[in-house]
Amino acid sequence: MQGDHLSINDAQSENRSVPFFNLTQQYETISSEVLSSVKRLFSEQKFILGEEVAELETEIAKYCDSREAIGCASGTDALILSLLALDIGPDDEVITSPFTFFATASAVARVGATPVFVDIDPESFNLDPQKVEEAISPRTRAIIPVHLFGQCAEMEPLWRIAVRKRISIIEDSCQAIGAEYNGRRAGVLGTLSCFSFFPTKNLGGAGDGGMITTDDHLLAERLRKLRVHGETKRYHHEEIGMNSRLDAIQAAVIRIKLKKLDEWTESRQENASRYETLFRSQNLLDAIELPTVLPSRVHVYNQYTIRVKGGLRDQVLETLQNRNIGAGLYYPIPLHLQECFSDLGYKTGDLPESESASNEVMSLPIYPELTENEQEQVVKAISVALGRARNESPILTHPKFHDRQNARPQNKVA
Ligand SMILES: *Cc1c(COP(=O)(O)O)cnc(C)c1O
C-alpha cells in the first residue's frame with residue numbers, strides 16, 4: 001500500500017515466488033474494457049472532471065449509500081479538502097490515530113491545525129474511544145478515525161462524543177471501501193468520509209485519485225468549489241481552494257473496477273479464512289495473532305496483518321524475504337514518533353499500544369488472485385522461521401485439512 005510507491009515496481013519486477021500483490025493479473029481481466037475507455041476519452045479530449053467523473057461520483061455514492069460523492073486528486077487531498085470544508089485550521093485540534101498511514105495526520109498539520117494522537121485498541125488497531133474521550137479539549141474540532149486494514153473503527157462511542165461536544169467526524173476510509181459497521185458502509189459513518197484510489201487500495205486506479213462522501217449538501221457544494229481553486233464562476237474566486245481534481249481516465253478505470261469490487265473483496269475474505277485454517281493446522285496460534293473481526297463488522301482486508309509475539313517479527317520477515325515471499329510492514333514507526341512531529345512533544349512510551357503494534361505487526365499477501373498453494377508457502381515459511389516446521393516438505397497434506405478447506409469457511413460477519 002502506501003509509503004511504498006517504490007515497492008510496487010520492486011514487488012512486480014522481481015520474480016518472487018509469492019508477490020505481496022499482483023496487479024498485473026487483475027489488469028488482464030479488464031484490459032480490453034480499460035483500453036476502449038481510454039481510446040474514447042482521447043477521442044473526446046476530455047481529461048479532467050467531466051461526465052466520467054460525475055458518473056463515478058454517482059456510483060460511489062450509491063455504493064456507500066451516501067447522498068453525495070466528490071472526486072479529488074488523492075486520498076491525502078480528500079482529507080485536506082474535508083478539513084478545509086469544515087474550516088479547521090490554526091488553533092484547532094484534531095484527534096487521530098498514530099498507527100496509520102502518514103497522510104491521516106499530515107493533512108491536519110497541512111491545514112495548520114494540531115494533530116492530537118490517541119492510542120489504539122490492540123485488537124483492532126483502531127482508535128480507542130475511551131482515550132479519545134480523555135483527549136477532548138476546548139480546541140478539539142474533529143476526530144479522524146481510521147478504518148485500518150479494511151475494518152471499521154468503533155464508531156458508536158465516537159458519535160456520542162461528537163454530538164455532545166459538537167465536533168465533526170472525518171472517516172479515513174482509504175483502506176476500507178465496502179467495509180461495514182452495523183450494516184452501514186464506510187462512507188456514511190461520519191460527517192465526511194475520505195477514500196483513496198491509490199493503485200494498491202482495494203479499489204485502485206492507474207495513478208492517484210480520491211473521493212469524499214457525505215450526506216451534507218452544503219459541505220458537498222463547498223468541496224466542489226474548494227477542489228477547483230475556490231472558483232464559483234470562471235475566474236471568480238470566493239475563497240482560496242486547491243487544484244485537486246480527479247482525471248477522467250482515472251474515473252474510467254475505477255468505474256470498470258468498481259463492478260468487480262465485491263467479487264474481489266469476497267476473494268480477500270476467503271483468503272483470510274484460509275490463512276486462519278492453515279495457521280491453526282500448523283499450531284502456530286500461540287506464536288502469532290491473526291486479525292480479529294469484531295462483532296457487527298464486515299472486514300474487507302486491504303491488509304492481512306498479523307502480530308508476531310516474542311520479538312520474532314523481524315526474524316520472520318527475513319525468512320520470508322529470503323524465500324522471495326512478499327510481506328509488508330504497516331507501520332514501522334507510529335506517527336507521534338516521526339521526526340516532523342517532534343515539535344508536538346511526544347516521546348517513546350507515550351502511546352504504548354501503537355508502539356508495540358509497530359514492533360510486532362507484519363502484513364501478508366492477501367490480494368484476490370492469491371492461490372491456495374501460495375498461501376501454503378507463506379504459512380510454511382512462517383512455520384520454519386519460528387522453528388516449528390518438523391520437516392520441510394510434506395506440510396499441509398493431511399487429508400482432514402483439505403476437507404476443511406473445501407468447506408469454504410464463512411467470515412463475512414462475525
Ligand atoms: C492510502 C491512505 C491515505 C492516502 O491516500 P493517497 O491517495 O495515497 O493520498 C490516507 N490514509 C490512509 C489510511 C491510507 O491508507
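Atom set for the values below is all heavy atoms of this structure, side chains included, hydrogens, waters and symmetry mates excluded. Note that ligands are numbered from 1 as they come in the structure, with each ligand's atoms numbered from 1 the same way.
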For the student: nearest non-hydrogen atoms of Ala113 and Val94, plus distance: CB-CG2, 4.5 Å
Aromatic plane relationship, Tyr330 with Phe20 - under 30° parallel, 30 to 60° tilted, over 60° perpendicular: tilted
Parallel, tilted or perpendicular: ring planes of Phe99 versus Tyr331, cut at 30 and 60 degrees: perpendicular
With Arg222, the salt bridge (charged side-chain N to carboxylate O under 4.0 Å, His left out) member among Glu68, Glu239, Glu238: Glu239
Return yes or no for this condition: an N or O of [X] is under 3.5 Å from an N or O of ligand 1.
{"X": "Thr100", "value": "no"}
{"X": "Ser196", "value": "yes"}
{"X": "Tyr331", "value": "no"}
{"X": "Gly75", "value": "yes"}
{"X": "Asp208", "value": "no"}

Ion pair check, Asp77 and Arg245, cut-off under 4.0 Å: no
NZ/NE/NH1/NH2 to OD/OE distance under 4.0 Å, Asp247 and Lys46: no
Over 12 foreign heavy atoms within 6.0 Å of CG, Leu284: yes
Atom indices of ligand 1, in the order listed, that fall short of 4.0 Å to a heavy atom of [X]:
{"X": "Asp172", "value": "10 (C), 11 (N), 12 (C), 13 (C)"}
{"X": "Thr76", "value": "4 (C), 5 (O), 6 (P), 9 (O)"}
{"X": "Lys201", "value": "1 (C), 2 (C), 14 (C), 15 (O)"}
{"X": "Gln175", "value": "13 (C), 14 (C), 15 (O)"}
{"X": "Thr104", "value": "11 (N)"}
{"X": "Ser74", "value": "7 (O), 9 (O)"}
{"X": "Val146", "value": "13 (C)"}

Min heavy-atom dist His147 to ligand 1 below 4.0 Å: no
Sequence neighbours excluded, every pair satisfying salt bridge (Lys or Arg N to Asp or Glu O under 4.0 Å) that has a member inside residues 124-136: Asp128-Lys131, Glu133-Arg164
Test ring pair (Phe, Tyr, Trp, His ring centres under 6.0 Å) applied to Tyr275 - qualifying residues, sequence neighbours left out: Phe279, Tyr304
